[in-house]
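By convention in this document, chain letters (A, B, ...) are assigned in the order of the sequence lines, proteins followed by strands, and residues within each chain are numbered from 1. Computed from a prediction, not measured in an experiment: that's the story for all the values here.
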Amino acid sequence: MSTPKITRVLISKLATLAHLSIDEDQIDRFGGQLSDILGYIDRLNRVDTEGIEAISHITGKTLEAREDISTSSFTLKQALANAKNTEKNMFEVANVFGEIE
Amino acid sequence: MDVTKLTIKSALALLSSGETTSLELTSAYLERIEKTNPSLNAFITISKDLALEQASIADKSLKDGKKGKLLGIPLAYKDIFSVKETKMTAGAKVLDEYIPQYDATIVQKFQSEGAISLGKTNMDAWAHGSSGENSDYGPTKNPYDLDKTPGGSSSGSATAVASGMAIAATGTDTGGSIRLPAAFTGTVGLKPTYGRVSRYGIVAMGSSFDSIGHITRDVYDSAYLLELSAGFDPADATSSKEKVMPYTSHIGSSLEGKKMGIIKEFMTDGIEEGVLKNWKESVDTMKGLGCEIVELSLSHIDSAMACYYVLVPAEVSSNLARFDGIRFGNDRSFFSDEAKRRIMTGTFTLSSGYYDAYYKKASKVRSLIKKDFTDAFEKVDCIMAPVSPTVAFNLGERAQDPLAMYLSDIFVCPMNLAGVPALSVPSGTVDGLPVGVQFIAPDFCEERLYEFGSAFEKERGELNLTLKI
């Protein structure tokens, strides 16, 4: 496939998907840069990958599970140590539902 | 005591003979940091009190006859390694106030051998970069020319070791981020095999690429540290159970009759004249050591950069999703441009409608690149390659052009795609600036890097470099 056109709409959509805030100036700047990067990446289309499997672990390890025994982890204090907002030993989050129409 | 000349080996000897104490050694490094860091900006956090306290404890241990492979030795950690109770930023303002509640496995390993923690070194934010200029804490300078970059993303670690602010420093290499700064600063940089060293406690960039290594003053020290850092870690399921070799015992082996490969596709017009001259001299050096030089063609290596810039931003976009400002860190508005750019590139290539064309395609190309290296190693014992087409470039020169910056990694990123280990060794100077070559070995054959690297280093002799401070 050829490089899709990097529109302002696409940049805004990507920013929303990735929970990033970007201003008008950044939309313009990123649009051009993303176009360059995707244009460069396009050369992968010239590589014949017919019948080739993708590797997941590049140096041969396969999934390994450990015994299902509980071990110690963080204390409550440690787990909350870096949170900006906590209440009653819980992480405080912003309202997720927003305005209900 | 001239801390700009010490190695781990020589410092251990001085401590063992009683010629110095850990307190004296550590204080000397702290003084050097105080003197040079304001100009070089190699450290984000200097752990003065902690280091002095650890040094006193180390001296008592030494007196009591306790053993420790790094007992009393001052090290620095790239600010992407968790050191318990010491601020960690990963070079990014998102983590400006983050205090890890645990040590990375590697930090635990080095500290259990008695190492002293001097502090956390500067780096491109989230390890995204090849020059240190993407740090949210200002760029690190090259100690051989303050207008030049020391390379990145382990910029602070490289400058710290080169300028005598630390005996050795840890780093991460996802697309060249140890080897490039090592080459730009005349130090030795190891990228181990992916999975050789535990990634636990290290901020993840590209989880199938991140290789945990270190920057040292010579090849011996590099082998010495790998003996301590390598090995399976139950806390990192991707870490390997392959046997850890006695790497230091491979230092000084003969290369007579060994086959050394050079990659045809790397010999491009883009290599600077001085670097090309040094490269040819380096190949001659290897011939002089008895190596048979074999020309190799790795036919998919020209696609490595493109492959890298699909897969890594995709993994980055996933790994950076955890920084939501809720459980830790500042919110996502604190991300700088490069992080946003990579997250968005990754989000795009992973998105519905594009996943097959980009991510899946690139994963298959990655398999082909891996196979190119595996096939090459049927013909040779080791591969030698340049590290960079240029020596250290000027600060600001590539910062406004992301693609130009990405292309700095053209000779180093293929090894991360293939997972193979590589060692960057200084090979000389070009107009007063360091230049390096890298040795590449098959998976889990780091001992070959040390055989070839140590022989080359000895034959190369003294480097003609002058620190600016």
Provide the closest heavy-atom pair for [X] versus [Y] in the form atom of the first, atom of the second, distance.
{"X": "A:L34", "Y": "B:R341", "result": "CD1-O, 4.1 Å"}
{"X": "A:A54", "Y": "B:S363", "result": "CB-CB, 3.4 Å"}
{"X": "B:G419", "Y": "A:I58", "result": "CA-CG2, 3.7 Å"}
{"X": "A:L44", "Y": "B:S303", "result": "CD2-O, 3.8 Å"}

- [ ] Would you please go through residues 320-329 of chain B and name the residues with a non-hydrogen atom below 4.5 Å from one of chain A, in numerical order?
- [x]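 Expected list: B:I326, B:R327, B:F328, B:G329.
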Open item on the list: I'd like to check the side-chain hydrogen bond (donor to acceptor under 3.5 Å, both in side chains) partners of B:S211; sequence neighbours left out, ordered by chain and number.
Closed with: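 With neighbours one apart ignored, the set is B:K191.
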- [ ] Sequence neighbours left out, what passes side-chain hydrogen bond (donor to acceptor under 3.5 Å, both in side chains) with B:K340? Give chain and number order.
- [x]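 With neighbours one apart ignored, the set is empty.
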With a 4.5 angstrom heavy-atom cut-off, is it the side chain or the backbone of [X] that approaches chain A, or both, or neither?
{"X": "B:F444", "value": "side chain"}
{"X": "B:L407", "value": "side chain"}
{"X": "B:E97", "value": "both"}
{"X": "B:F373", "value": "neither"}
{"X": "B:Y406", "value": "side chain"}
{"X": "B:K370", "value": "side chain"}

Pairwise distance [atom1]([X]) to [atom2]([Y]) - rounded to 0.5 angstrom:
{"X": "A:N82", "Y": "B:L95", "atom1": "CG", "atom2": "CG", "result": "8.5 Å"}
{"X": "A:I52", "Y": "B:R366", "atom1": "CD1", "atom2": "CZ", "result": "15.0 Å"}
{"X": "A:H57", "Y": "B:S240", "atom1": "NE2", "atom2": "OG", "result": "7.5 Å"}
{"X": "A:T49", "Y": "B:K361", "atom1": "OG1", "atom2": "NZ", "result": "3.0 Å"}
{"X": "A:L17", "Y": "B:F348", "atom1": "CG", "atom2": "CZ", "result": "11.5 Å"}
{"X": "A:I41", "Y": "B:T345", "atom1": "CD1", "atom2": "OG1", "result": "6.5 Å"}

Please rank [options] by heavy-atom pairs under 4.5 Å with chain A and give me the top one.
{"options": "B:A339, B:S333, B:S239, B:S299", "value": "B:S239"}
{"options": "B:T193, B:T238, B:D302, B:L417", "value": "B:T238"}
{"options": "B:G346, B:P313, B:A418", "value": "B:A418"}

Could you look at [X] and say if it's the side chain, the backbone, both or neither that has a heavy atom under 4.5 Å from chain B?
{"X": "A:H19", "result": "both"}
{"X": "A:Q26", "result": "side chain"}
{"X": "A:K61", "result": "side chain"}
{"X": "A:R46", "result": "neither"}

- [ ] Determine the option with the most heavy-atom pairs under 4.5 angstrom with chain B, choosing from A:D36, A:I55, A:T59.
- [x]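 When all of A:D36, A:I55, A:T59 are compared, A:T59 has the most.
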TODO: Could you have a look at A:I37, A:T86, A:L20, A:V93 and say which one has the most heavy-atom pairs with chain B under 4.5 angstrom?
DONE: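 Among A:I37, A:T86, A:L20, A:V93, the one with the most close pairs to chain B is A:L20.
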Open item on the list: Give the interface residues of residues 68-81 of chain A toward chain B, defined by a heavy-atom separation under 4.5 Å.
Closed with: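 The list, in residue order, reads A:F74, A:Q78, A:A81.
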Residue pair [X] / [Y], side-chain heavy-atom distance below 4.5 Å:
{"X": "B:N330", "Y": "A:K84", "value": "yes"}
{"X": "A:Q33", "Y": "B:D401", "value": "no"}
{"X": "A:E64", "Y": "B:K241", "value": "yes"}
{"X": "A:L38", "Y": "B:Y358", "value": "yes"}

Open item on the list: Counting only heavy atoms not in B:K87 (residues, nucleotides, ligands), do more than 12 fall under 6.0 Å from its NZ?
Closed with: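 Enclosed: over 12 neighbouring heavy atoms sit under 6.0 Å from NZ of B:K87.
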Task: Test log, rule side-chain contact (heavy atoms from CB on, under 4.5 Å), inputs A:F30 and B:D337 - done: CA-CA 9 Å; A:F30 287 167; B:D337 277 11; 3.8 Å; yes
Open item on the list: Using only atom types and a distance under 3.5 Å, with no angle test, would you say the side chain of B:T347 pairs donor to acceptor with the backbone of A:L14?
Closed with: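 Answer holds: no.
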